[in-house]
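What you see is a predicted model, and the numbers here were worked out from it, not measured in a lab.
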Amino acid sequence: MNRAASTFAVRVLGAVRRIPAGRISTYGDIARLARNPRAARAVGTIMRLAKEPGLPYHRVVAAGGRIGGYGGSPQLKSSLLAAEGLQIRGRRIINFEQRRWRGR
DNA sequence: CGCCTGACCGAAT
DNA sequence: TATTCGGCCAGGC
């Protein structure tokens, strides 16, 4: 990977780390926070391959409050979010806009 | 360098 | 509400 890409990856993980418990952000939001607004899809790629442990990857959901992917277990993602107080119905987060974190 | 994949997005159907 | 589709971009080979 080239320098621009790795820098982007670092910024992505840095942004993910800042998402407060009980709040969520979207792949698109993270892409914007990492200063590459059209790279929402790449954010998923980076998180999927990320080696950094201890980051709240489960707090990054898809646009519109949909749960989105999470390795082989989107189920677990829902559980983790529910454990942080988020209300979930099916594959959607209730009151997603209110719980959305847009960076400081 | 080309080609394919996919934890995405938004608009259209 | 559910699919489909085109655009997008990093990673892997």
K.L.:
Does any N or O in the side chain of A:Arg99 come within less than 3.5 Å of the main-chain N or O of A:Gly22, such that one atom is a donor and the other an acceptor?
P.N.:
yes

K.L.:
What's the CZ-P distance between A:Arg32 and B:dC9, to the nearest Å?
P.N.:
9 Å

K.L.:
Which atoms form the tightest heavy-atom contact between A:Ala62 and A:Thr26, and what is the distance?
P.N.:
O-CG2, 3.9 Å

K.L.:
A:Asn36 has an atom CG; how far is it from atom C1' of C:dC9, in whole Å?
P.N.:
7 Å

K.L.:
May I have the step-by-step check of side chain to side chain contact (heavy atoms under 4.5 Å, CB included) for A:Ile19 and A:Ile30, ending in yes or no?
P.N.:
CA-CA 10 Å; A:Ile19 307 173; A:Ile30 295 300; 4.1 Å; yes

K.L.:
Would you indicate whether the side-chain heavy atoms of A:Val61 and A:Tyr70 approach each other to under 4.5 Å?
P.N.:
no

K.L.:
Show each protein N/O and nucleotides 11-13 of chain B N/O combination with a separation under 3.5 Å, one pair to a line.
P.N.:
none

K.L.:
Please lay out, stage by stage, how A:Trp101 and A:Leu33 fare under the test side chain to side chain contact (heavy atoms under 4.5 Å, CB included).
P.N.:
CA-CA 11 Å; A:Trp101 177 79; A:Leu33 290 172; 3.7 Å; yes

K.L.:
Can you measure A:Ile30 atom CD1 to C:dA10 atom C1' for me and round it to whole angstrom units?
P.N.:
16 Å

K.L.:
From C-beta outward on A:Ile46, which listed nucleotide comes closest to its side chain: C:dC9, B:dC8, C:dG11?
P.N.:
C:dG11

K.L.:
Provide a list of protein-nucleic acid N or O atom pairs under 3.5 angstrom, restricted to nucleotides 4-7 of chain B.
P.N.:
unit_1	atom_1	unit_2	atom_2	d
B:dG6	N7	A:Arg41	NH2	2.9
B:dG6	N2	A:Thr45	OG1	3.2
B:dA7	N7	A:Arg48	N	3.4
B:dA7	N6	A:Met47	O	3.1
B:dA7	N3	A:Tyr27	OH	3.3
B:dA7	N3	A:Gly69	O	3.4

K.L.:
Sub-3.5 Å donor-acceptor pair from the side chain of A:Lys77 to the main-chain atoms of A:Val60, do we have one?
P.N.:
yes

K.L.:
Which residue pairs pass the salt bridge (Lys or Arg N to Asp or Glu O under 4.0 Å) test when at least one of the two sits in residues 31-52 of chain A, sequence neighbours left out?
P.N.:
A:Asp29-A:Arg32

K.L.:
Working to the nearest 0.5 Å, report the span between OG of A:Ser25 and CZ of A:Arg100.
P.N.:
7.5 Å

K.L.:
How many Å lie between CZ on A:Arg66 and C1' on C:dT3, as a whole number?
P.N.:
12 Å

